[in-house]
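Remember, it's 1-based here, ligands and their atoms both numbered in the order they're listed. Keep in mind that the numbers below use all heavy atoms, side chains included, and drop hydrogens, waters and symmetry copies.
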Amino acid sequence: MNKARSRRVGLFGGTFDPVHIGHLRSALEMAEQFEFDELRLIPNFRPPHRDTPQVKPEQRLAMVELAAAGVDPLVVDDRELKRDKPSYTIDTLESLRGELEVQDQLFLLVGWDAFCGLPAWHRWEELLEHCHIVVLQRPDADSEPPEDLRDLLAARSVADPKAMTGPAGQITFVWQTPLAVSATQIRQLLSQGRSVRYLVPDAVLNYIEAHGLYQASH
Ligand code: ATP
């Protein structure tokens, strides 16, 4: 039996097209607040027709790897990109659970909007068997949960994130003011030939420039 203490692993998924300082600050703040041993950035697979033309999935991944390189405890997990179709979160969780010790704690980070859509997720009622859910809430957001989630919240929510125990099964909320940056804005600036310096890490900026990504098609 493994007597090591349980590890605390956070999961932060996104398209990361491209990764930017909004994602990275948010991830780092969560990692500090929750004292994660590891915070996995998980680039999502996107069907070819929905991916940004000229930017390959491997390039989105390369940028996330550059952004996270040497930044403890950020790590990159490419399991969803390695598949040939979009992954259900439940599949990703089951796959991860196969690699962790049973006592390890998994924290799935989701935005409030995504959380409200939870009942539409594949096998959503099983998610909490594998992970805790941390809902990222904007301080100014309307936070009335949908009817279908009221019972779940009543049964599973924990007011103090520090009071979450066990490998899975609880829900908590954290309030964060997001930096006013989006990947959409970055793609637009680049397509207009404008700079995105300081909106992405320098290593990501250099990669974008070296590969001529997100430029207007000629
Ligand atoms: P797009 O503009 O292409 O929709 P995006 O910038 O919102 O992209 P995603 O890859 O879709 O980035 O987001 C991944 C996760 O990061 C989501 O949970 C999203 O809510 C969160 N996120 C996006 N932008 C920020 C930000 N500025 N600060 C904190 N979190 C963010």
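- Screening Thr172, Val110, Leu152 against Ile133 for a side chain to side chain contact (heavy atoms under 4.5 Å, CB included) leaves a single residue, Val110.
- Linking ILVMFWY side-chain heavy atoms closer than 4.5 Å, directly or via other members, places Leu136 and Leu11 in two distinct hydrophobic clusters.
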Show me the side-chain donor-acceptor pairs of residues 153-160 shorter than 3.5 Å, one per line, residues at least two apart or across chains.
unit_1	atom_1	unit_2	atom_2	d
Arg156	NH1	Gly169	O	2.7
Ser157	OG	Leu153	O	2.7
Asp160	OD1	Lys162	N	2.9

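- Panel note: side chain His132, backbone Gln170; a donor-acceptor pair is recorded below 3.5 Å.
- Between Phe173 and Trp112, the two ring planes are tilted [angle within 30° to 60°].
- Protein residues with any heavy atom under 4.0 Å from ligand 1: Phe12, Gly13, Gly14, Thr15, Phe16, His20, Gly22, His23, Ser26, Pro178, Leu179, Val181, Ser182, Ala183, Thr184, Arg187.
- Between the CD atom of Gln137 and the OG1 atom of Thr177 there is a distance of 11.0 Å, given to the nearest 0.5 Å.
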